[in-house]
Undergrad: 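Structure incoming, see below.
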Amino acid sequence: MINIQLIRNRQNEVRDAMRRRNEDVPLDRIAELDATRRSTIVEADELRARRNAVSREIGRTRERPQELIDEMRQVSARIRELEESIREIEDEVNTLLLGIPNMPLADVPDGADESANIVVRTEGETRKFDFEPLPHWELGERLGIIDFQRGAKMAGSRFFVLKGKGARLQRALIDWMLDTHTREHGYTELYLPNIVTTESATANSNLPKFSDTMYRDDEDDLWLLPTAEMAITNMHRDEILPPESLPLRYVAHTPCFRREKAAAGRDTRGIKRVHQFEKVEMYRFVEPQDSDDALASLLNEAETICARLGIQYRLLQLCTGDLGFQSAKTYDIEMWAPGCDEWLEVSSCSTCTDFQARRAAIRYRPEQGARPRFVHTLNGSGLALPRVIIAILENYQQADGSVVIPDALRQYTGFDVIEC
RNA sequence: GGAGAGAUGGCCGAGCGGACGAAGGCGCCGGUCUCGAAAACCGGUAUGGGCGCAAGUUCAUCGUGGGUUCGAAUCCCACUCUCUCCGCCA
């Protein structure tokens, strides 16, 4: 959530930031409501102060002056009215505020959509083949490790089954990534609820705006995670973290569920865009002055995984128009997939500044006795599984259709090659 | 799913409807004492909103939301969560 004081005091900056994002937001309406809210509060507070004083006085003396009691009855009724209208105003302000995305940081390039994203650099060599490399859906079916038909039979389109060494490869990747982040990068592993409350989803910013992208349980009003981020943000919701407790680093493997309605008809083949996939997610809670460095090192940790797999990847900085709702700055990592002949997004690393912290009321105390401040939150995939599997299959395929397992993974898979 | 108990400040814990957020204890911070430390003693120690340049002032908050009342942590209703026992169960 954006700080309403920015709208109150630096509205032009906000307006400018929203223009860069291509967002049309009702700043005037919010400012107007905010002013009304404040003057109503003044009136209500004055009446309450009077009521408190009179009631105290009535309590002190033993008399029960009827005129005063009658007057206070009126005052209380008026206070109730004012409270009601304050509540209505705050509801509306809140609704509007919840629909405003985060402000992009100054160094985020302007641009209307993904075509304006910037390729920061490309790492590793493009693998050369002396045969025509196959797309993973063909490799997967031939090798008997990906079963699209039966996935669809069970759950409909965009679901799949991994079988045998395919399933094992996925499990190996998850273990290896978690081990790397916990042992080498200082993260604490979490096992999380995969379904969370409306409140949690709102704190992360998935609600109210993106309800149609998620699966939900109507009966209990719960939402399936589209990403572990949605749960982890709530680890410290409504908390004031004591001095010295930051930074906090968490990593978790969870399934991710996405309805992908907006992408209907796109990427229908293979496992690039599916309704359920596994992901290892890194997350940090940091002090505001540390968030830039934290983003850089988060990115570095995600890159480490790519590099050790020996697969060519590139780093993209997202332009303002392509930023996620809660993000102030985002880098994507894409792996090259020679079979389907495209770059695949395997990670997205973002700083959300104090945007989620404000929604979730996550604060920290800089030092003993100091006033609480909002933390900064950052998240990054490390990495998203099915696309890494695609990249491995397509990059490590051989002329005979078999697939070699990257060195880094072999002690986790227990085999060196997947063959027919 | 059934029966019962409970939810108060960082923690423990008290609170006949009127003693400003709330006794007391612990913890924490500052001070006195000491060569230093401990003990002892003294003082301080919530969060958010409004107004104010500020000092400050005012309002709200005792699980959440309503209600009764001049006045509610205290009474009433609903909900949520926790704990205990029973049942079921990976």
Side-chain angles (χ1 to χ4, degrees), chain A residues 1-10 30-98 191-203 207 217-223 231 234-246 248 254-255 285 354-375:
Chain A
M1 182 138 58
I2 195 171
N3 184 354
I4 189 158
Q5 286 183 34
L6 290 177
I7 296 179
R8 201 178 291 163
N9 304 323
R10 288 150 65 187
I30 293 172
E32 180 192 333
L33 287 165
D34 180 53
T36 310
R37 168 179 172 271
R38 284 186 288 160
S39 62
T40 311
I41 284 174
V42 169
E43 190 183 348
D45 277 4
E46 279 167 0
L47 289 177
R48 271 191 292 238
R50 165 138 174 85
R51 183 180 69 180
N52 287 345
V54 171
S55 292
R56 212 174 298 139
E57 191 53 32
I58 292 177
R60 194 157 21 227
T61 66
R62 268 187 233 288
E63 298 155 40
R64 293 289 179 269
Q66 196 53 46
E67 317 87 80
L68 271 183
I69 288 179
D70 286 344
E71 187 199 337
M72 286 308 107
R73 196 171 291 163
Q74 301 294 321
V75 168
S76 280
R78 178 63 183 153
I79 289 172
R80 256 192 296 274
E81 282 172 26
L82 292 170
E83 283 174 339
E84 175 62 24
S85 75
I86 290 169
R87 200 174 314 128
E88 281 168 14
I89 293 167
E90 288 184 341
D91 281 353
E92 188 179 346
V93 169
N94 221 267
T95 303
L96 295 175
L97 241 31
L98 287 174
Y191 167 77
L192 298 165
N194 292 171
I195 332 176
V196 301
T197 59
T198 290
E199 196 180 2
S200 291
T202 305
L207 290 177
D217 169 15
D218 255 323
E219 197 170 338
D220 292 323
D221 194 24
L222 296 171
W223 303 81
N234 292 277
M235 271 295 281
H236 299 290
R237 172 153 54 86
D238 297 321
E239 289 183 28
I240 298 174
L241 302 164
E244 313 295 319
S245 46
L246 296 175
L248 287 166
T254 67
F285 296 89
D354 63 358
F355 188 82
Q356 290 176 321
R358 202 176 289 281
R359 287 182 166 229
I362 310 164
R363 291 166 294 170
Y364 76 105
R365 218 180 282 285
E367 51 197 78
Q368 261 290 341
R371 167 182 306 274
R373 297 188 61 185
F374 288 111
V375 304

Undergrad: Kindly determine whether A:Arg87 and A:Glu84 satisfy salt bridge (Lys or Arg N to Asp or Glu O under 4.0 Å), including the steps that lead there.
TA: CA-CA 5 Å; A:Arg87 200 174 314 128; A:Glu84 175 62 24; 2.7 Å; yes

Undergrad: A:Ile86 has an atom CD1; how far is it from atom C1' of B:U58, in whole Å?
TA: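 So the two atoms are 14 Å apart, to the nearest Å.
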
Undergrad: With both distances under 3.5 angstrom, what nucleotide forms a Watson-Crick or G-U wobble pair with B:G71?
TA: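 Because no pair has both required distances under 3.5 Å, B:G71 counts as unpaired.
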
Undergrad: With a 4.0 Å cut-off on heavy atoms, is A:Arg8 in touch with a base, just the backbone sugar-phosphate, or nothing at all?
TA: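 Sugar-phosphate, backbone atoms only, no base.
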
Undergrad: Relative to the 5' end of RNA chain B, which residue comes earlier, A:Ile41 or A:Ala44, by the nucleotide with the nearest heavy atom?
TA: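 Going by which nucleotide is closer to the 5' end, it is A:Ile41.
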
Undergrad: So, is A:Arg56 close to the B:A19 phosphate, meaning a side-chain N or O under 4.0 Å from OP1 or OP2?
TA: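 Checking A:Arg56 against B:A19: no side-chain N or O falls below 4.0 Å of OP1 or OP2.
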
Undergrad: Determine the interatomic distance between C1' on B:G27 and the same-named atom on B:C79; round to the nearest Å.
TA: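 Between the two C1' atoms, the distance is 34 Å.
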
Undergrad: Tell me which of A:Gly59 and A:Arg37 sits closer to the 5' end of RNA chain B, going by the nucleotide each one is nearest to.
TA: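 That would be A:Gly59.
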
Undergrad: May I ask you to evaluate whether A:Ser76 reaches the phosphate of B:U69, defined as a side-chain N or O under 4.0 Å from OP1 or OP2?
TA: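 The answer is no; no side-chain N or O of A:Ser76 sits under 4.0 Å from OP1 or OP2.
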
Undergrad: Taking atom C1' in both B:C88 and B:G1, what distance in whole Å separates the two?
TA: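 After rounding to an integer number of Å, I get 8 Å for this pair.
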
Undergrad: Counting side-chain heavy atoms from CB outward, which of B:G18, B:G49, B:C51 is closest to A:Ile58?
TA: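 Nearest to the side chain of A:Ile58 among the choices is B:G18.
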
Undergrad: Measure CG/A:Leu47 against P/B:G71 and give the value in whole Å, please.
TA: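 Atom-to-atom, A:Leu47 to B:G71, this comes out as 13 Å.
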
Undergrad: Could you work out which one of B:G50, B:G18, B:U58 sits closest to the side chain of A:Ala49?
TA: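 The nucleotide sitting nearest to the side chain is B:U58.
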
Undergrad: Using atom P in both nucleotides, what's the gap between B:C20 and B:U68 to the nearest angstrom?
TA: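 The answer is 26 Å between these two P atoms.
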
Undergrad: A:Arg48 side chain N/O closer than 4.0 Å to the phosphate oxygens (OP1, OP2) of B:C70?
TA: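 Checking B:C70 against A:Arg48, no side-chain N or O comes under 4.0 Å of OP1 or OP2.
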
Undergrad: Measuring only the C1' atom in each nucleotide, how far is B:G13 from B:A7? A whole number of Å is fine.
TA: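 That atom pair is separated by 14 Å.
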
Undergrad: Ignoring hydrogens and angles, does a donor from either the side chain of A:Asn52 or the base of B:G71 sit under 3.5 Å from an acceptor on the other?
TA: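 No such pair is found, so the answer is no.
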
Undergrad: Once you apply the 3.5 Å cut-off to both distances, tell me the Watson-Crick or G-U wobble partner of B:U34, or none.
TA: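 Across all strands, not a single nucleotide pairs with B:U34.
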
Undergrad: What do the steps show when you test A:Glu92 against A:Arg37 for salt bridge (Lys or Arg N to Asp or Glu O under 4.0 Å), and what is the final call?
TA: CA-CA 11 Å; A:Glu92 188 179 346; A:Arg37 168 179 172 271; over 6 Å; no

Undergrad: Give, for atom CZ of A:Arg373 and atom CG of A:Asp354, the distance between the pair rounded to the nearest 0.5 Å.
TA: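 Interatomic distance, A:Arg373 CZ to A:Asp354 CG, rounded to 0.5 Å: 9.0 Å.
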
Undergrad: Would you mind telling me which of A:Gln66, A:Arg51, A:Arg50 makes a side chain to side chain donor-acceptor pair (under 3.5 Å) with A:Glu71?
TA: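 Filter result, single survivor: A:Arg50.
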
Undergrad: Without decimals, in angstroms, what is the distance between A:Glu84 CD and B:A60 C1'?
TA: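 Result: 17 Å.
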
Undergrad: Where the side chain of A:Arg363 is concerned, which of B:G49, B:U69, B:G48 is the nearest nucleotide?
TA: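 In terms of side-chain proximity for A:Arg363, the closest of B:G49, B:U69, B:G48 is B:G48.
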
Undergrad: Among the nucleotides B:G67, B:G49, B:G50, which one has an atom lying closest to any side-chain atom of A:Arg80?
TA: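 Of B:G67, B:G49, B:G50, B:G67 is nearest to the side chain of A:Arg80.
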
Undergrad: B:G9 pairs with which nucleotide, Watson-Crick or G-U wobble, both distances below 3.5 Å?
TA: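 Pairing partner, where one exists within any strand: none, as none qualifies.
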
Undergrad: Side chains of A:Val75 and A:Met72, heavy atoms from C-beta outward: is any pair under 4.5 Å?
TA: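 Yes, their side chains come closer than 4.5 Å.
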
Undergrad: Figure out the CZ/C1' separation between A:Arg73 and B:G71, and round it to whole Å.
TA: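 From A:Arg73 CZ to B:G71 C1': 12 Å.
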
Undergrad: Could you give the distance separating B:A3 and B:A22 at their P atoms, to the nearest angstrom?
TA: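 My reading of the P atoms in B:A22 and B:A3 gives 41 Å.
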
Undergrad: State which of B:U47, B:G71, B:G49 makes the closest approach to the side chain of A:Pro372.
TA: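 Of the options given, the side chain of A:Pro372 lies nearest B:U47.
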
Undergrad: Side chains of A:Leu33 and A:Leu96: does their closest heavy-atom pair fall under 4.5 Å?
TA: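 In contact.
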
Undergrad: If you check every side-chain atom of A:Asp45, which of B:C59, B:C51, B:C70 has the closest atom?
TA: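 Nucleotide nearest to A:Asp45's side chain: B:C59.
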
Undergrad: Determine which nucleotide pairs with B:A90, using a 3.5 Å limit on both distances of a Watson-Crick or G-U wobble pair.
TA: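 Base-paired to nothing in any strand shown.
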
Undergrad: If you check the A:Val42 side chain, which of B:G50, B:U47, B:G71 turns out closest?
TA: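 Looking only at heavy atoms from C-beta outward on A:Val42, the closest nucleotide is B:G50.
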
Undergrad: How long is the gap from CD1 on A:Ile58 to CD1 on A:Ile69, to the nearest 0.5 Å?
TA: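 Here the rounded value is 5.0 Å.
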
Undergrad: Taking CZ from A:Arg358 and P from B:G48, how many angstroms apart are they, rounded to a whole number?
TA: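 That distance rounds to 12 Å.
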
Undergrad: Using the side-chain heavy atoms of A:Arg371, tell me which of these nucleotides is nearest: B:C51, B:G48, B:U47.
TA: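 For the A:Arg371 side chain, the nearest candidate turns out to be B:G48.
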
Undergrad: Sort out the partner of B:A14 for me: Watson-Crick or G-U wobble, both distances under 3.5 Å, none otherwise.
TA: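 Partner of B:A14: none found under 3.5 Å.
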
Undergrad: Watson-Crick or G-U wobble partner for B:U61, using a 3.5 Å limit on both distances?
TA: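 B:U61 is paired with B:A46.
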
Undergrad: When the P atoms of B:G15 and B:G24 are considered, how many whole Å apart are they?
TA: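 That atom pair is separated by 15 Å.
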
Undergrad: If we take the C1' atom in both B:A73 and B:U8, what is their distance in whole Å?
TA: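 Approximately 7 Å lies between the C1' atom of B:A73 and that of B:U8.
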
Undergrad: Taking any strand in view, what nucleotide pairs with B:C85 in a Watson-Crick or G-U wobble way, both distances under 3.5 Å?
TA: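 Its partner is B:G2.
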
Undergrad: Within this structure, what is the CG-to-C1' distance between A:Asp238 and B:G10, rounded to whole angstrom?
TA: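 After rounding, the reported distance stands at 16 Å.
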
Undergrad: Verify, without hydrogens or angle tests, whether A:Arg8 (side chain) and A:Asn3 (backbone) share a donor-acceptor contact under 3.5 angstrom.
TA: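 No, A:Arg8 side chain to A:Asn3 backbone: no donor-acceptor pair under 3.5 Å.
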
Undergrad: Expressed as a whole number of Å, how far does the C1' atom of B:U45 sit from that of B:A78?
TA: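 The answer is 37 Å between these two C1' atoms.
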
Undergrad: Are A:Arg365 and B:U47 close enough that a side-chain N or O sits under 4.0 Å from OP1 or OP2?
TA: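 So the side chain of A:Arg365 is within the cut-off, an N or O lying under 4.0 Å from OP1 or OP2 of B:U47.
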
Undergrad: Expressed as a whole number of angstroms, how long is the span from A:Arg51:CZ to B:U69:C1'?
TA: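 After rounding, the gap between these two atoms is 10 Å.
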
Undergrad: How many Å lie between CZ on A:Arg38 and C1' on B:U58, as a whole number?
TA: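 Rounding to the nearest Å, CZ of A:Arg38 and C1' of B:U58 are 16 Å apart.
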
